4 protein chains.
Amino acid sequence: MRVFGRRGYRAASMEEIAELAGVSKPLVYLYLHSKEDLFTACLRREAAALMAAVRAGAGGPGKGGVPVDEGLWAALMAFFTHTTGNPDGWALLHRQARTHGEPFAAEAATLRTELTDHVTSLITRASTGPLTPREATALSHALVGAAESLADWANSTPAATPEEAARTLLHLTRPALSSPRTRRR
Amino acid sequence: MRVFGRRGYRAASMEEIAELAGVSKPLVYLYLHSKEDLFTACLRREAAALMAAVRAGAGGPGKGGVPVDEGLWAALMAFFTHTTGNPDGWALLHRQARTHGEPFAAEAATLRTELTDHVTSLITRASTGPLTPREATALSHALVGAAESLADWANSTPAATPEEAARTLLHLTRPALSSPRTRRR
Amino acid sequence: MRVFGRRGYRAASMEEIAELAGVSKPLVYLYLHSKEDLFTACLRREAAALMAAVRAGAGGPGKGGVPVDEGLWAALMAFFTHTTGNPDGWALLHRQARTHGEPFAAEAATLRTELTDHVTSLITRASTGPLTPREATALSHALVGAAESLADWANSTPAATPEEAARTLLHLTRPALSSPRTRRR
Amino acid sequence: MRVFGRRGYRAASMEEIAELAGVSKPLVYLYLHSKEDLFTACLRREAAALMAAVRAGAGGPGKGGVPVDEGLWAALMAFFTHTTGNPDGWALLHRQARTHGEPFAAEAATLRTELTDHVTSLITRASTGPLTPREATALSHALVGAAESLADWANSTPAATPEEAARTLLHLTRPALSSPRTRRR
DNA sequence: TATGAATGAGAGTTCATTCAT
DNA sequence: GATGAATGAACTCTCATTCAT
């Protein structure tokens with residue numbers, strides 16, 4: 001994952017991967033079959049970890065009773081905490097997966113759909129006005145993009161914390177999506 | 001640019017590039033020296049074109065007196081119009097450049113800094129409350145990320161228009177950024 | 001033997017051989033030392049089995065008094081019966097052994113010499129005219145080649161029997177080899 | 001062709017082939033695309049050369065007026081002359097092609113079918129008695145096998161000439177197929 | 001100005017073979 | 001007596017790059 005995240009799929013060599021893992025190339029092939037399989041395995045593991053973190057932080061949609069804002073805040077904190085603590089994995093998901101064609105792009109698209117769906121549901125509940133499904137989807141993409149960009153920013157800015165990233169995003173969006181005073185639940 | 005944008009830096013072959021250009025490989029080397037130089041040249045040209053489009057749309061620094069919203073709207077329209085009309089170039093800048101390490105990442109970072117600086121100045125003028133420089137920078141990253149994500153969304157969604165992308169982004173941000181009295185429509 | 005006969009020496013993998021044998025690879029090495037040794041062992045076993053079958057069929061050197069034609073017929077029947085009943089072994093001896101260079105070619109040559117010597121003695125006794133040793137040897141090679149080819153033909157032709165192969169070969173050769181007075185049936 | 005004929009398909013390395021040809025490996029790939037293509041090309045060239053030699057020697061089936069025996073003799077001379085003068089090509093066709101599975105076996109089978117068909121037509125005309133098609137086919141296989149074996153014998157026996165091989169084969173078969181005195185045409 | 005022809009270097013992958021247990 | 005786990009070496013194939021013309 002580290003080698004893929006830093007060098008990219010094509011530029012990463014199985015040699016270097018094996019070396020970093022402290023094993024021989026044939027062993028890597030014994031367990032992971034091919035470069036493609038290996039990359040896919042990395043992708044899936046990172047995607048699952050990220051989604052798990054976000055869901056755990058945000059509470060599933062069924063977890064009622066939590067104020068919307070608190071849910072959003074927790075989801076964002078979980079997201080940024082995870083990406084900040086795992087920059088190589090984040091690079092893998094956000095950059096490498098989407099850049100190297102099929103079948104990886106499909107894998108990345110799956111994750112992104114999960115993320116935007118998650119966000120769409122939060123948005124729909126939080127919006128101050130009515131939203132068509134298409135508007136909600138577009139807004140989700142904008143929000144997820146902003147979060148992704150802030151994750152990169154946090155990873156490359158000294159002393160940037162997950163809190164700061166989450167606060168920034170809320171600062172940007174809260175007025176549009178909800179006002180703490182007027183909307184609860 | 002087309003080949004790089006579609007295949008990625010590593011997967012693009014000089015063979016295919018020369019063929020698409022209708023010349024021989026040695027000619028490509030004669031004028032552009034190496035794959036790396038060629039990619040860098042593509043990057044720079046695309047970055048310059050995008051920045052020029054955005055600046056022209058938003059009004060240069062000298063173009064004072066334009067209402068903030070109109071400036072933002074025009075900048076967004078210029079951005080989305082450019083990315084929508086030039087998807088390969090956009091893929092080059094947004095994905096390939098940042099994915100394949102140095103020296104390309106530096107090139108991409110330069111463009112991004114120009115963009116966020118530009119946006120920072122707009123934000124600072126538009127904000128409803130006082131912002132520290134760091135807050136402004138972080139917000140810019142969030143905004144630019146949202147715009148990038150919407151550009152991808154527009155490029156992959158049928159019937160999505162630059163207007164729709166720009167409207168979405170304004171919908172998300174205007175309350176936070178513009179003063180109540182400038183809100184219209 | 002099965003794996004070697006079907007895949008060829010190079011394409012056969014020790015993995016597959018061990019698997020088919022129902023043991024682990026190290027065990028194969030424990031008993032048979034190397035791929036080369038293993039192949040040689042297969043070769044020798046098959047060669048011995050074929051020669052034994054032919055000798056038993058033809059009557060050993062001690063079994064005098066048998067009419068020449070009967071001896072030839074029995075030898076051919078034994079040969080075709082063995083190759084037809086053991087196609088993998090036959091492929092091993094006839095094709096693989098001679099195709100993969102030293103030291104296997106030598107092993108195959110040994111078998112072939114035994115066969116042609118055997119045939120030479122039969123021919124010498126059966127010839128209608130006087131033969132120099134060299135003529136006899138050349139004739140043996142021709143005969144053995146015809147038999148080998150018919151063995152392949154029988155193995156790849158539906159409903160072909162050892163009898164049919166033997167009959168074909170006798171049809172071709174009897175006039176040249178047997179004396180008019182011994183012709184029967 | 002030389003490397004394939006001596007080492008076998010699998011054991012031949014593109015490295016060695018290129019070296020023997022006095023060029024670099026990539027050049028071989030530039031012109032011949034893959035090991036499989038290269039081998040197939042060798043096969044086809046050798047097969048075509050052999051068939052051309054035999055047909056030229058024997059005269060096509062339409063070339064009437066030539067005594068059958070003379071046609072047979074010429075065909076055999078052409079065959080043995082070709083195989084004797086081109087032992088690597090002969091090894092390629094007779095051994096390697098048939099030993100290394102598809103798609104090469106099919107190529108070899110094509111050649112063999114051409115040869116046996118050719119021989120079948122000669123046999124049918126030359127036979128002293130009536131033959132069913134199946135008998136003729138089986139006899140062809142026997143004859144071709146004998147010829148193949150004699151070709152190997154001639155290639156590995158000092159001072160063996162094409163004449164000697166052809167004479168041997170005729171000696172073996174003439175009585176069964178035709179008597180010079182009783183059959184002409 | 002332009003290119004046909006050629007290659008050095010390195011990629012992913014496989015496999016006979018061997019420890020440590 | 002038997003094997004799970006591991007690897008050195010070699011293979012086919014690709015590609016950025018450069019002469020000679």
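Owing to the predicted nature of the structure, the values given are computational and were not obtained by experimental measurement. Lettering of chains follows the sequences in order, A, B, ..., and the numbering in each one begins at 1.
With sequence neighbours left out, C/F79 forms a ring pair (Phe, Tyr, Trp, His ring centres under 6.0 Å) with C/W90.
Using a 4.5 Å cut-off on side-chain heavy atoms (C-beta onward), C/M14 and C/L38 make contact. Within the 4.5 Å cutoff, no side-chain heavy atoms of B/H82 are placed close to those of B/V54. In this structure the side chain of D/E16 never reaches within 4.5 angstrom of the side chain of D/R2, judged on heavy atoms. Looking only at side-chain heavy atoms (C-beta outward), B/L27 and B/L30 come within less than 4.5 Å of each other.
Here E/dG10 presents its P atom at 14 Å from CZ of A/R7, a figure rounded to the nearest Å.
Contact annotation: side chain of D/K25 to base of E/dT7, donor-acceptor pair absent below 3.5 Å.
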Side-chain donor-acceptor distances from residues 42-50 of chain D under 3.5 Å, at least two apart:
{"unit_1": "D/R44", "atom_1": "NH1", "unit_2": "D/E107", "atom_2": "OE1", "d": "3.1"}
{"unit_1": "D/R44", "atom_1": "NH1", "unit_2": "D/E107", "atom_2": "OE2", "d": "2.6"}
{"unit_1": "D/E46", "atom_1": "OE1", "unit_2": "D/N86", "atom_2": "ND2", "d": "2.7"}

**Request:** Starting at the 5' end of DNA chain F, write a dot or bracket for each base, bracketing those in Watson-Crick or G-U wobble pairs whose two distances are under 3.5 Å and using | for partners on another strand.
**Result:** .||||||||||||||||||||

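At a non-hydrogen distance threshold of 4.0 Å, nothing from residues 96-107 of chain A comes into contact with DNA chain E. Taken residue by residue, residues 26-34 of chain B places heavy atoms nearer than 4.0 Å to DNA chain E at B/P26, B/L27, B/Y31. For DNA chain E, the neighbouring residues in residues 9-24 of chain A, judged by any heavy atom under 4.0 Å, are A/A12, A/S13, A/M14.
Using cut-offs of 30° and 60° on the angle between ring planes, the pair A/F39 and A/F4 is perpendicular.
D/Q96 contributes a side-chain N or O that, together with a main-chain N or O of C/T99, makes up a donor-acceptor pair within less than 3.5 Å.
For D/S149 and C/R112, the side-chain atoms include at least one donor-acceptor pair closer than 3.5 Å.
The two residues D/T116 and D/T113 come nearest to each other via the heavy atoms OG1-O, 3.1 Å. Closest heavy-atom contact between A/P103 and A/E36: CG-OE2, 3.4 Å. Taking all atoms of both residues into account, the shortest heavy-atom contact from B/R98 to B/A108 is CG-CB, 3.7 Å.
With values rounded to the nearest 0.5 angstrom, A/Y9 atom OH is found 12.0 Å from A/L92 atom CG.
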